Amino acid sequence: MAQAKFLKEADLAAWLGELAKGRKVLVPQKDGDAVVFKPWHEGVKPVLDRQATESPKKAVFPASEKLFRFSYIKDPENPGKVRVELEEPEKPEPALVFGGRPCDARGFLIFDRVYDSPKTRDSYYVARREATAFVTLACPEASNTCFCHAVGSGPADSAGSDALMTPVEGGYVLEAISPKGEELLKSPLLSDAGDKLAQAERVKAQAVESLPPAPDFAGSPEALMARFDDMGFWENASAKCISCGACTYLCPTCYCFSITDEESGMKGVRMRSWDNCMSYQFTLEASGHNPRPTKAHRLKNRVGHKFSYYPLIHKGAIACCGCGRCIKSCPVSVDIREIVTMAIEAAPTAEESAQPQGAKQ
Ligand code: SF4
Ligand code: SF4
């Protein structure tokens, strides 16, 4: 096993104080009824006993970010000629996400395949990703909306994290997962994990046992493709949806954005902001035509993207980390697990497909 240390509960605030030297530390905090990731400062007690309402994706992919400033410079010799000058983008400040869950960290692996691939390298994303560390809390208990185990993960999955914390009696066992994590664990406040390690393993095993039965998503890419033109299926699946967009904004794996230029006179700033594929405006074209005119088309795209189009491009990887936030926060209880399962169950078997038309009972 990688380097493992023990942190006493009583030393948590002091360790956060150490981590916050020279970097912004985002921790889950109460905000009304919600739990959101906000910068830690002395006196803040992170909320670690429940999954945060939002994912920490804004640490690496802000809801709204300035890409660069630009100015139009007129040529005094030739006033009709204008050149554009761009300012160097700002460097992101070092950051650490503390207390996210394994599904949150896994969400960034889904981003990486899109924003940091040999084909496409989004320099803004990559710079933030490199500047950000993740100290993730293994889930001691699953909730009934969790399905991380159905998408190749689990309550103590360390993929995407730099260090994994497991709650044990009197504190936390901390395991370094990456070289960044090893650095974070070099603190005089931490002691050798010793016999606490066995307790941490028991906590992880109990969390696995607490998971609800895993839906079987095998064959989802093909099953959803088979339902692509079946608008009756999608009208039924989206009947309750009110197009509020909560599912996309809270999702750790939704990465769509739009770009706007905010100009004032001869200067301006180019902004990138989260966009929401569940809204009518997302695909509304300047001509007035909309290729996804109804909520049925939009839900088909959201579910299809995560469980079919993305896996077909990325060697079977599902673009959902099973966090269950879209289920928990949807005001009308649209359940993505049920939709994918319905598509799989509705798909004709190979045997049925081979039967001549009219032969099916
Ligand atoms: S689609 Fe839902 S369950 Fe999957 S990662 Fe997004 S919010 Fe979580
Ligand atoms: S949260 Fe629910 S109601 Fe809102 S857009 Fe998503 S599926 Fe529709």
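Every number for a ligand or one of its atoms is a count from 1 in the order of the listing. What you see is a predicted model, and the numbers here were worked out from it, not measured in a lab.
Protein residues lining ligand 2, listed by chain and number: Cys241, Ile242, Ser243, Cys244, Gly245, Ala246, Cys247, Met278, Cys330, Pro331, Val332, Val334 [non-hydrogen atoms, distance under 4.0 Å].
When each atom of ligand 1 is checked for a heavy atom of Phe147 under 4.0 Å away, the hits are 3 (S). Within the listing of ligand 1, atoms 1 (S) sit less than 4.0 angstrom from a heavy atom of Lys306. Atoms of ligand 1 found under 4.0 Å from any heavy atom of Gly324 (numbered from 1 in listed order, with element): 3 (S), 8 (Fe).
Proximity of Leu12 to Phe98: side-chain heavy atoms (C-beta onward) are separated by under 4.5 Å at one or more points. Counting heavy atoms from C-beta outward, Leu48 and Tyr172 have side chains that approach closer than 4.5 Å. Under the 4.5 Å side-chain criterion, counting only non-hydrogen atoms from C-beta, Cys323 is not in contact with Arg101. Between Phe61 and Arg128, the closest side-chain pair of non-hydrogen atoms is not below 4.5 Å.
Taking the ring centroids of Tyr125 and Tyr255, they lie at or beyond the 6.0 Å cut-off.
Residue Val173 is tested with Lys196, Glu201, Lys5 for a side chain to side chain contact (heavy atoms under 4.5 Å, CB included); the sole match is Lys196.
Using a cut-off of 4.0 Å between Lys/Arg side-chain N and Asp/Glu carboxylate O, Glu183 and Lys180 are scored as not salt-bridged.
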